[in-house]
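First comes the structure, then the notes that go with it.
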Amino acid sequence: MIRDDLARALAEAVAAAAPALGLDPADLPAWDLTRPRQKEHGDWTTNLGLALAPKAGRTPRSVAEAVVEHLRAGGPGRDLIASVEVAGPGFINIHLKGAWLHDVLRAILERGPAYGSREESRGLRVQVEFVSANPTGPLHVGTARNAVIGDALANVLAADGWDVEREYYWNDTGTQMENLGASIEARYLQRLGVDAPFPESGYQGAYVGDLAEEIAAEAGERWIRADPEERRRFFLDEGRRRMIANVRSTLERFGVSFDTWFSEGSLGPSGAIDAAVARLRQAGHVYEAEGATFFRATAFGDDKDRVLIRSNGEPTYFAKDVAYLIDKFGRDFDRLVYVWGADHHGAVARLRGAAQALGYDPSSVDFVVYQLVSLYRGGEPVRMSKRTGDVVTLDELLDEVGPDAARYTLAARSSDSPIDFDIEVVTRQSMDNPVFYVQYAHARIASVLRVAAERRVELRSWTPATFEELTEEAELDLLRKLAELPEVVEQAAELSAPNRIARFAEEAATAFHRFYTECRVITEDDARTQARLWLSAGAKRALANALGLLGVSAPESMERLGGDGDSAPDAGDGPSTPAADPGGD
RNA sequence: GCCCCCGUAGCUCAGCGGAUAGAGCGCCGGCCUCCGGAGCCGGGUGCGCAGGUUCGAGUCCUGCCGGGGGCACCA
């Protein structure tokens, strides 16, 4: 990448200038090489003059001048530089030769679906565990945000060279599952005319009745007079089995897949929980009090010590978490990522503490904590009550808004920002909803390429000389924007912030629209037509790659909106071309 | 009370310590003989308040105010 070449050239110039500046080349303050906000400040800018000045005991500008002199003297990597100047308080602004932008297009076309990704693997494994909703009910919007963040982050990490594994953890044992089983059992009996009491804290949702209905249809009345213990067991197992299937089918529909489905039930029988407690005890961080077993979490920055084994002998959820953590580390990951809703953030400190107590490197465990989602419809809050089962399920949401709009809306915002998800707004195909703006840009490009083909404008294979036609400001601005994708991916991975990809996609779409408005693609000028067609193809590729990272489709065409643009034709049946399909172009 | 997140334009939000803080929506005015007008161009002194660190703070630290979430031998 060009940035690396520049950084190297600058580092060499700094090293060369160091003696004269009275600096030790082996002990220099850190400096940055970034893209300036203002185009006039060049293609790249560095603050090294400002950064090194205090240590050199000279003014930032004079330090910058000294380094620039060595930079101008030449050396490897300098052939890209058109001009260098010291500006403002001491920045070094670097203007590159126009050719570098042509190289960007070349890189996009050569790398295709891989453009934006690192060329070399890091050789490191990361596990992203996400969703992990209890199989006691259907997925809802909150878990949808988790699914989108986790999935997009996994994509981004993969693009950043990590070997990624996606995992879903089923909380498929314990009182909540028994509760679900008992709830279905009661509904089953009631459905068949038996006067059965509904559990005190049972699940009221309609899906419980639906499951009971299904089971009744298949098994008939034979469980009415069955042995109570056997019947309890049956409904527990059936409930678990069917809810897991339900959740998996919703995720599939949402375009989210996992490499590993990890059952909590597999921890207990293997003795992993006892082993986990024993390991913490061995490390000296466990004590008994009031009949329970505690982890000294306060020794690791938590508010209070945490119970591992309750006084009734049952392990807590936390104990299982620790056992699961040990299991994960046992699988040789270099890094673990947890995607948790803000309602769980309180559990971060204890789990990180446990990791530390067990001797693991706590910095290899990342928690992506996202703020919660509130549902609205036309500005009115949609009431959600777990108790009454009055929730909007993810399936229902997908029926209304479709996966693309839902995914984009949930992925585009910073995880630190709460989301008011207004079904009406997200369904509307307008700029309230940028997903259509970006998809439209992609479809528009596809259309141009189609028109070119229809008019028998042959798109010939390019050579570097093809791109020399690209000299208009709008063309170069588009290329400048497209050039950012690799850096954006890198940042998104580093900061666990996949929303940056959405931001890029919108900016790239804008840059294309501007280019399209100002530059006619298909003209009588053959050389120019070739260059602009290839530029369009490159923009299409970059947009598709960005959308693909978000798990949003990049349509070849979209339904035209009629007349006044107010009619919003069925969003659910929108574009369905899978963006991630690497086959294209 | 303690912990976490947030407070940026009328609204929704983006901005990993850098120069003149951006985008969409809404509002006003322009732009189609021609490749998709779901588009483009123009119109803008807004970083909650007060201190501090720094050559430089929307960004880091402290306090305050306001909003959301969490503080179980629940999952």
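Values in this document were obtained by computation on a predicted structure and should not be read as measured data. Worth knowing before you read on, the calculation uses all heavy atoms, side chains too, and leaves out hydrogens, waters and symmetry mates. Reminder, nothing fancy here: chain letters follow the sequence lines and each chain counts from 1.
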In whole Å, what separates the C1' atom of B:C49 from that of B:C73?
43 Å
In the strands shown, is B:A50 matched to any nucleotide by a Watson-Crick or G-U wobble pair with both distances under 3.5 Å, and which?
B:U62
Write down the distance separating the C1' atoms in B:A50 and B:G66, rounded off to the nearest Å.
15 Å
Under 5.5 Å between ring centres and under 30° between planes: does that hold for A:F91 against the base of B:A19?
yes
Does a side-chain N or O of A:R37 approach OP1 or OP2 of B:A21 to a distance below 4.0 Å, or not?
no
Where does B:C41 land, syn or anti, once you apply the within-90°-of-0 test for syn?
anti
Its contact letters, B for base, S for sugar-phosphate only and - for none at protein heavy atoms under 4.0 Å, make nucleotides 5-11 of chain B read SS-----
Heavy atoms of A:T409 and A:I419 approach each other most closely as O-CD1, 4.1 Å
Spacing of CG belonging to A:D321 relative to NE2 belonging to A:H344, to within rounding of 0.5 Å:
9.0 Å
With a 6.0 Å cut-off on ring centres, are A:F130 and A:Y338 close enough?
no
Ion pair present between A:D305 and A:R350, side-chain N to carboxylate O less than 4.0 angstrom?
no
Are A:E264 and A:Y324 side-chain neighbours, meaning at least one heavy-atom pair lies under 4.5 Å?
no
Using Watson-Crick geometry (N1-N3 plus N6-O4 or O6-N4) or G-U wobble (N1-O2, O6-N3), each under 3.5 Å, B:U33 is paired with none
For B:A19 versus B:C13, give the span between their C1' atoms, rounded off to a whole number of Å.
25 Å
Among residues at least two apart in sequence or on other chains, which ones pass side-chain contact (heavy atoms from CB on, under 4.5 Å) with A:A539?
A:I445, A:L478, A:L482, A:F512
